[in-house]
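Side-chain atoms are counted along with the backbone in the values below, which use heavy atoms only and exclude waters and symmetry mates.
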Amino acid sequence: MSTPELGLPMVVPAPDLPARVRIYEVGARDGLQNEKATVPTEVKAEFVRRLADSGLTTIEATSFVHPKWVPQLADAEQLFPLVSDLGRSSGVHLPVLVPNERGLDRALALGARHVALFASATESFAKANLNRTVDESLAMFEPVVSRAKADKVHVRSYISMCFGDPWEGPVLIHQVVRVCKALMDMGCDELSLGDTIGVATPGHVQTLLAELNEEGVPTSALGVHFHDTYGQALTNTLAALQHGVTTVDASAGGLGGCPYAKSATGNLATEDLVWMLQGLGIDTGVDLARLTATSVWMAERLGRPSPSRTVKALSHKE
């Protein structure tokens with residue numbers, strides 16, 4: 001008998017936590033982008049549909065980055081039309097990553113209504129990922145945000161290296177705050193604070209969030225994106241929830257990494273996050289059994305087991 005059938009996890013709420021959390025599912029984009037073997041477009045589309053069937057309502061579908069830089073997502077024009085009906089029929093948001101105005105043009109041409117940028121808090125990563133300085137990348141984003149907002153498109157921005165950088169080491173909090181404020185001033189609707197190499201700890205998380213609030217960035221505009229390199233992703237997520245954050249990025253099955261930061265390991269697994277939130281009595285709208293089955297299905301197509309501990313526990317056969 002599986003643990004959910006036994007009524008586990010037992011629901012024991014903790015004080016001062018949100019009643020509901022929006023899971024921003026990144027498995028189909030961030031989770032797959034670092035895969036060396038090409039995943040067929042039809043499999044990606046089925047993955048997105050299965051994720052939606054599990055109750056996830058925000059699913060990042062793909063990236064309109066130049067195919068040379070991320071070959072795995074070179075099929076964005078073919079993939080997005082295969083899943084775009086989910087937005088019309090089921091109210092699922094399907095954000096896509098756009099690196100610049102050309103990427104925005106491609107996304108808008110296919111009817112995308114939610115886009116995401118990819119900024120950096122550090123010069124080293126901005127150079128590695130965007131081939132620009134931080135300020136040059138912000139200047140590149142300005143017309144993208146302006147045009148998207150003029151077309152009433154929702155704009156999110158990821159900020160990577162918010163807690164540590166593999167070349168520069170610790171990242172000063174004021175450095176992160178400066179980039180976040182610039183993006184909010186441009187008109188971004190929300191920001192995702194990225195712990196790209198997984199080095200954050202709870203005190204660091206809460207201090208950064210408090211500093212952002214003091215500088216006028218509201219908690220309601222913030223999401224968190226943790227990697228589990230040192231096993232801290234759930235701990236850091238709980239610290240963010242205690243601060244009032246209600247948007248958490250996660251990747252089904254714990255898929256993912258970063259092609260430009262080799263020390264970045266898998267994202268926080270969506271199943272591990274849902275297990276914790278269910279135990280805390282926090283609503284996500286996600287059916288954990290369906291989500292687990294989806295990650296098992298995807299792991300079979302990738303030819304390796306899921307790194308998610310919850311997937312392993314719930315899919316174990318005696």
Side-chain angles (χ1 to χ4, degrees), residues 21-33 41 44-45 47-65 70 72-73 75-119 129 141 144-160 180 183-184 186-194 196 220-226 245-252 255-256 258 267-268 270 273 284-286:
V21 162
R22 174 181 69 135
I23 297 176
Y24 193 104
E25 172 60 47
V26 300
R29 195 277 302 172
D30 192 13
L32 294 181
Q33 71 176 6
T41 305
K44 294 176 188 171
F47 188 33
V48 171
R49 291 189 171 278
R50 287 175 180 243
L51 291 169
D53 285 344
S54 76
L56 290 159
T57 56
T58 303
I59 305 168
E60 197 166 59
T62 188
S63 169
F64 288 89
V65 175
V70 186
Q72 182 65 253
L73 303 180
D75 58 353
E77 264 90 1
Q78 293 72 47
L79 173 66
F80 195 77
L82 297 178
V83 297
S84 58
D85 63 290
L86 290 170
R88 297 187 295 272
S89 63
S90 305
V92 175
H93 293 156
L94 296 169
V96 295
L97 195 67
V98 297
N100 48 34
E101 286 193 88
R102 173 57 185 144
L104 179 66
D105 288 339
R106 293 169 62 200
L108 294 180
L110 293 173
R113 305 307 299 163
H114 294 76
V115 300
L117 309 172
F118 201 79
N129 189 44
F141 295 146
V144 179
V145 177
S146 177
R147 287 184 50 205
K149 297 309 298 176
D151 202 19
K152 295 182 170 56
V153 170
H154 184 277
V155 180
R156 158 185 261 228
S157 181
Y158 292 98
I159 303 94
S160 48
C180 289
L183 290 163
M184 290 298 291
M186 277 182 213
C188 288
D189 296 288
E190 68 174 305
L191 306 177
S192 174
L193 305 175
T196 316
S220 59
L222 297 172
V224 289
H225 184 116
F226 295 118
V245 170
T246 58
T247 296
V248 180
D249 297 4
S251 176
L255 295 173
C258 177
N267 291 291
L268 168 61
T270 311
L273 174 63
T284 63
V286 174

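A donor-acceptor pair shorter than 3.5 Å can be found between the side chains of Glu25 and Thr270.
In this structure, the separation between CG on Leu110 and CG on Leu79 is 10.0 Å, given to the nearest 0.5 Å. We find the OG1-OH distance between Thr58 and Tyr24 to be 7.5 Å, quoted to the nearest 0.5 Å. The CG atom of Leu86 sits 11.5 Å away from atom CG of Leu56, with the distance rounded to the nearest 0.5 Å. To the nearest 0.5 Å, atoms CG (Leu94) and CZ (Arg113) are separated by 13.0 Å. Phe141 contributes atom CZ, which lies 9.0 Å from atom CG of Asn100 (distance to the nearest 0.5 angstrom). Distance check: Leu183 CG to Ser192 OG gives 11.5 Å after rounding to the nearest 0.5 Å.
Salt bridge present: Arg49 and Asp85 bring a charged side-chain N and a carboxylate O closer than 4.0 Å. Salt bridge annotation for Arg156-Glu60: absent, with no cationic side-chain nitrogen under 4.0 angstrom from a carboxylate oxygen. Asp75 and Lys44 are joined by a salt bridge, as a carboxylate oxygen and a charged side-chain nitrogen come within less than 4.0 angstrom of each other.
The heavy-atom pair separating Val145 from Gly187 by the smallest distance is CG1-C, 3.9 Å. Taking both residues in full, the closest heavy atoms of Ile23 and Ala250 are given as CG2-CB, 4.3 Å, listed atom of the first, atom of the second, then distance. The two atoms that bring Ala76 and Ser63 nearest to each other are CB-O, 3.4 Å, heavy atoms only. The two residues Val144 and Leu104 come nearest to each other via the heavy atoms O-CD2, 3.6 Å.
Applying the side-chain contact (heavy atoms from CB on, under 4.5 Å) test between Val155 and each of Lys149, His114, Glu190 identifies Lys149 as the sole match.
Looking at heavy atoms from C-beta onward, Val153 lies in side-chain contact with Leu108 at the 4.5 angstrom threshold. Leu97 places a side-chain heavy atom less than 4.5 Å from the side chain of Phe118.
Ser90 contributes no side-chain N or O that, together with a main-chain N or O of Val92, makes up a donor-acceptor pair within less than 3.5 Å. Distance alone, capped at 3.5 Å, places no donor-acceptor pair between the Asp30 side chain and the Gly256 backbone.
A cation-pi arrangement is present between Arg29 and Tyr158, with the terminal nitrogen or guanidinium carbon under 6.0 Å from the aromatic centre and inside a 45° cone about the axis.
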